[in-house]
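Computed from a predicted structure; not experimentally measured. Each chain gets a letter, A, B and so on, in the order the sequences are listed, and its residues count up from 1.
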Amino acid sequence: MTPPTTPNGSQEDLIALSNVQRPVFHNFLRAFYPFHPNYAMGDSTVTLPLSEGDVVLVHSIHTNGWADGTLLVSGARGWLPTNYCEAYDPDEMRNLLKALLNFWDLLRSTSTNDRDIFGNQEFMKGIIAGVRFLLERTHCLTRESPTIQRNESLRRGRKSLLSELSALVKTAKRLQETLRGFPRREEDVNDTIDEMILKAFKIIVKGVRFLDLLEEDRRQRAPPAVTVMATVVEESYIPPTPPAESNGVEQGQGDREDAGIRGAEEVRRAESVASHHISADGVQTSTAANKRLSSIYSRTNTTGHPTSQLSPSHGNRLSASISHRVSLAGPSPLSHPQNLVSERLNSSHDTFLSYLGSFIGRLHLQSQSRADLALAIKQSATSGGELFAVVDTVCRHNSLGSESLDQARAAMYDRIRDLVYSARDILSNVGPDADDVIMPQDNSCLLMAATGCVKAAGECVAKTKWVIERIGDFEFESENGNLGIDLALFEKVSESRPTTPEQKIVTDPKPAGPSPTPVSKSMHLSMDKPLPEVPGDDEFPEQQDSEQHSPPASRPQSLVIDDATSSMASSVSSIRPILPPLPKLTTSLLLDDSYSPTTEDSHDSEYQNSYRADTMTASSTGTNSTYLSRDSESSLVSQTSTRATTPDHALGPKYQPSLSELSATGSSAGTEEVDDVESKLLEKTFAHELMFNKEGQVTGGSLPALVERLTTHESTPDAVFVSAFYLTFRLFCTPTKLAETLIDRFDYVGEAPHVANPVRLRVYNVMKGWLESHWRESTDHEAIPIIQHFAEVKLSSLLPSAGKRLLELAHRVSSSDGSLVPRLVSSMGKTNTSISQYVPADTPLPNPIMSKSQHHLLSNWKAGGSMPSVLDFEPLEVARQLTLKQMIIFCSILPEELLGSQWMKKGGADSPNVKAMSGLSTDLSNLVADTILQYPEVKKRAAVIKQWIKVAYQCLELNNYDGLMAIICSLNSSIISRLRKTWDIVSPRRKEMLKSLQAIVEPSQNNKVLRARLQGHVPPCLPFLGMFLTDLTFVDIGNPATKQLPGASSEDHGLTVVNFDKHSRTAKIIGELQRFQIRYRLTEVPELQEWMQAQIVRLKESDQGNVQVSYYRKSLLLEPREQALRTAVEPTTVNNHNNQKADLFGWMSRDRGHGNTVVPL
Amino acid sequence: MAPRQGRYQPAREFHVVVLGAGGVGKSCLTAQFVHNEWIESYDPTIEDSYRAQVAVDGRQVVLEILDTAGTEQFVAMRDLYMKTGQGFLLVFSITSASSLTELAGLRDEIIRIKDDENVPIVICGNKADLEDQRCVPRTKGFSISQRWGAPYYEASARTKTNVDEVFIDLCRQMLRKDDAGEGYLEEDKEYDPYSISYYKKKRKQRRSDRDRDPHRPKCVIL
């Protein structure tokens, strides 16, 4: 009765695991099945047909598993099912793929100025470095490398890759010219950019192709005898792209044949290649997921095990584990646990067992009506069918242990059939008029059959679970497996052949594309669209080239199942005739069969002939279709796309250039350009160690890469980058290190003669700029010996005058303290800004508003008379003098004072001006409080408050936010604001004014109001320094110092590089501050300045302790706490004393009552 | 104080002020708390750089954190910042005894400015990962915690230990105070804000509330 024990817990573990795994967004997918949407031809369709091996740039992946992607081979954009694809990210290609992403982002970006980006060749470096990296990693960098020499197809592949690259370089140069040209036509620029994107895609396609060839080469050269090695090689085998040159594989084969002739040496080399390959695999398979994803199919493998490495469920897993770059809200239809195959398996198994159980139970009761029997059989068979359907799905998703599972599945099928047969026999033997009761002897027969079912089902389920564990749980959509066979049908069918659980899982074998409505709509609809079922393994190869129904595989025991499968297959293939002619699919299978040298030749000539027409096709793809139009960025419809443009509706396969066309364009490029590109490739570069954001700004990089960027020869380096570098480099390297890296750059550029001289000049210029205007003797002096040595030896020998000049500079900086050029000139925020821009120098200075009596008061005070009060002066003039005083300090803040939270360290010793600025603010606040509190009379206090409100208002008029802040803080502090009686006398108008001033300095929402005001503010303006300090602090602590380079530069883990983004942000904030370091054009009134200074000094002398506490005491003395009148409306404000005088300092002594132990810690 | 929101308001908003001497890593705590790990780079200049939504005992709370890191020298501005706060996180470094001493002054100031002895406060000993450089013994933290009636946590921004916990504890206190504030008017008949005995009673009650609440750690040590 009890079913055999099944492995428990496995699926729970799996679910847990898949939940824990962080979803990975794969930027590139590769199709391992062809996908032909059944209504791809509709004008509005956005579903992309895929050919096997196609590489797709993914823009977004919907939670339903459909991805918005661009097919690299054609540039077509649309929806594609991720379960037909696998992640594509081989080590060798990683840098190139990354470069393409940057390239794409940059070229698609409309937020940047074309001229800025494309005015130089800087943006091309990533792609070139990516290609270089690919060739380097595959040991094919030079034409002379043994791999290239040995293998003709690799040589061709390399060549066509390079010619694509050179085509792109050429186009980029043309773009530069177009941009320079006048008048320049916007369409021309956009067309060229579109063309470049297509060309960049082609480079990737060629790169993929090249890598495939190499893999093929390696695979074939690997000694087949060593099985371990063979599997490794097999696993790493990557399906070929739709071949650009169909002769690649055959060439490899020819090569293999040659190997025998070439003899022992060749074998040895082959072995070394193979062993090298294993180490490469070790890298590739470092993570489990990676291994799985890279262990794609090997249709051409020799074991005869069809598609043994292929597990279509990967697709499902992939889509389940893929997430959108920008996380998508809302429940994922994929995450319904009831759709998980393990869940379905369990539930259908349970149902089946329960029916069989009750059936067996009734058999034991020895009596059963005919109808009962029929019903029970029907139920059992139906539920068995459901279970069978689940198992079958797993079988089709599985390729690993299919044999044992197949057996178990067949066994279960047999048992169910036996049961059905026995029942049919019993039912048919009994005449319709006979007794309704089944005979006991029949019972035992049924009993045997039923228990057999239980046992077989148990085994089968156990095996299925084992398989699921290995291939990963996946989801599938299915209708209820209930066949709904009523008894009559059962009887009827039983005459001819056994009823069987029929395939019901694949209810819709047609790959259902997202609805062919425009994107905005289909976006929504596709939420509910299931992914198309991945083609089964059995029929797949046969479908490759035939439009015929694939013949059902004959497996006697499961004939009906196979029928079902084949009917599914046929319905898949029956879609095909509707499809338009697709680019010729040349699979490796085909290649093996159809290779002949003549085809190769004819192909070649065909390429030559069709070249012109082909390039036209390619460019028309770029120009005519809107999908690459950069304007479409603004008409972004798809909510889920991150770099979305609307997929072009007209983009059917008709725009898809045939593969031969593609290769033709590639091979057509002249040899000269290829050579040019080759020389470019051979340049040593660190370009691949840079990271960019979508605006093309450097966000990270190793020091050599940053220095390379600094000394690029093709253009004037980006001013923002250069100033940020000069300002912050001491935060990520030492001056010595910088000098050394610059010299290193000077040296290695010598390997590339045609760029050596401009780069060397740049190196010299960077050093010169450093010494002239960014030198900080205290830290940088350690680099002097290195710079001097460099200037004397290396620089002087190549550029004598430059060497002399540098020596001179080095001598001068070490003798004089500080930089040679006044620091203000070098401040980054003020490039091209000067006072004259905002306040013309010839505007007359405003006359001070000082009456004679006011002058008199001041001179009287200087002669020893009483000190005038703030009330004696005009608010505007007080505000002016205050602003002048503050601005002098503000303007002397040096950028380096603001780096690395320096002003907080060592008591601000290294940031004297920041410290002075905050000190002055505090003094001003205290002065406000002090002048108010010095009068015992309420009216006088109110008058002073009024006066300060006016001064604050004038500060705002002068755009002095620092002064405004200080005054408001004081007026608003509890010390002053609690003086109710005083405030009662202040006029409502002044109070309103104060309120509006308060609103400006309100710190909530991250100083929202203040920030909005400063945004684009024109100097002169004195911003609140504290805000900059807080921003700088949080940039400093909120961003790590280093980043991991995603590429595979140092074996399998990314290189740790400088997080330049952090430094750019720091520099940006400092630049913003510097923008305001411009003096006001106001007349100084020395007497008034003296008076202010005297006031501040007086304050500092009078109070040494905690000023705030003493002011609060004063405030309490002036206006003691009010009693009883407070209503219960303010329950939280406590006032727990009746005797006000005794409890004057109650707030202070309260917790000290527990013992005077607060301080001694 | 911000206008009190209705009892059934789904997400309440509280202003939290983070205070402490410079160099105790308080801003690291803030950054750690508000920083979304998925964001590649942190830009503190945007409006909601310091806003965070947390769920506390099933209630959604929006925290606006005021951390004026870097402006410790602007002493006079502290008053303004404190005024806006409803809850205070007092941070010191366990590697610096003087940083704890400074807290006493800050707490005095808070109580003076808020004019409320029961203002929600959490004491946080940061840099708990630097055990070998510890200068403030745990018992010291404990005793201050008891004296001030505020929970004490030892946290580490670097190892992300107890970072969320300190903010959530503060939330809990603010929520409780908020709820109690509403309760005063409706339920508490013997309310007399000027009687000392009332407050003693109220505090006792609060203490016992706390003790009954299993989720409320008084002192948390790593």
**Report entry** B:Glu64 versus chain A, the contacting section by heavy-atom distance below 4.5 Å
**Finding:** side chain
**Report entry** Residue part contacting chain A, namely of B:Ile46, when any heavy atom lies under 4.5 Å
**Finding:** backbone
Query - Most chain A-contacting option - heavy-atom pairs closer than 4.5 Å, from B:Leu103, B:Leu66, B:Ile113, B:Val136 - result: B:Ile113
Query raised in the report: Taking NZ, NE, NH1 and NH2 as the nitrogens, is one of them in B:Glu154 or B:Arg134 under 4.0 Å from a carboxylate oxygen of the other?
Result: yes
Check each atom of [X] against the heavy atoms of chain B and say whether the ones under 4.5 Å are side chain, backbone, both or neither.
X	answer
A:Ser977	side chain
A:Ser974	both
A:Ser973	both
A:Ile975	both

Query raised in the report: Does any N or O in the side chain of B:Lys140 come within less than 3.5 Å of the main-chain N or O of B:Ala97, such that one atom is a donor and the other an acceptor?
Result: no
Most contacts with chain B, counted as non-hydrogen pairs under 4.5 angstrom, among [options]:
options	value
A:Asp923, A:Val914, A:Leu1025, A:Asn972	A:Asn972
A:Cys969, A:Ser918, A:Ser925	A:Ser918
A:Asn926, A:Thr1033, A:Thr1030, A:Leu1029	A:Thr1030

Report summary line: With sequence neighbours left out, the residues meeting ring-ring contact (aromatic ring centres under 6.0 Å, His included) with B:Phe14 are none
**Report entry** Residue list, ring-ring contact (aromatic ring centres under 6.0 Å, His included) with B:Phe74, at least two apart or on another chain
**Finding:** A:Phe1024
Report task. Tell me, please, whether A:Tyr961 has A:Arg1013 positioned over its six-membered ring: NZ or CZ under 6.0 Å from the ring centre and within 45 degrees of its axis? Result -> no
Query raised in the report: Is the count of non-hydrogen atoms from other residues, nucleotides or ligands lying under 6.0 Å from B:Gln53 atom CD greater than 12?
Result: yes
Report task. Answer yes if the side chains of A:Thr699 and A:Asp1061 hold a donor-acceptor pair under 3.5 Å, and no otherwise. Result -> no
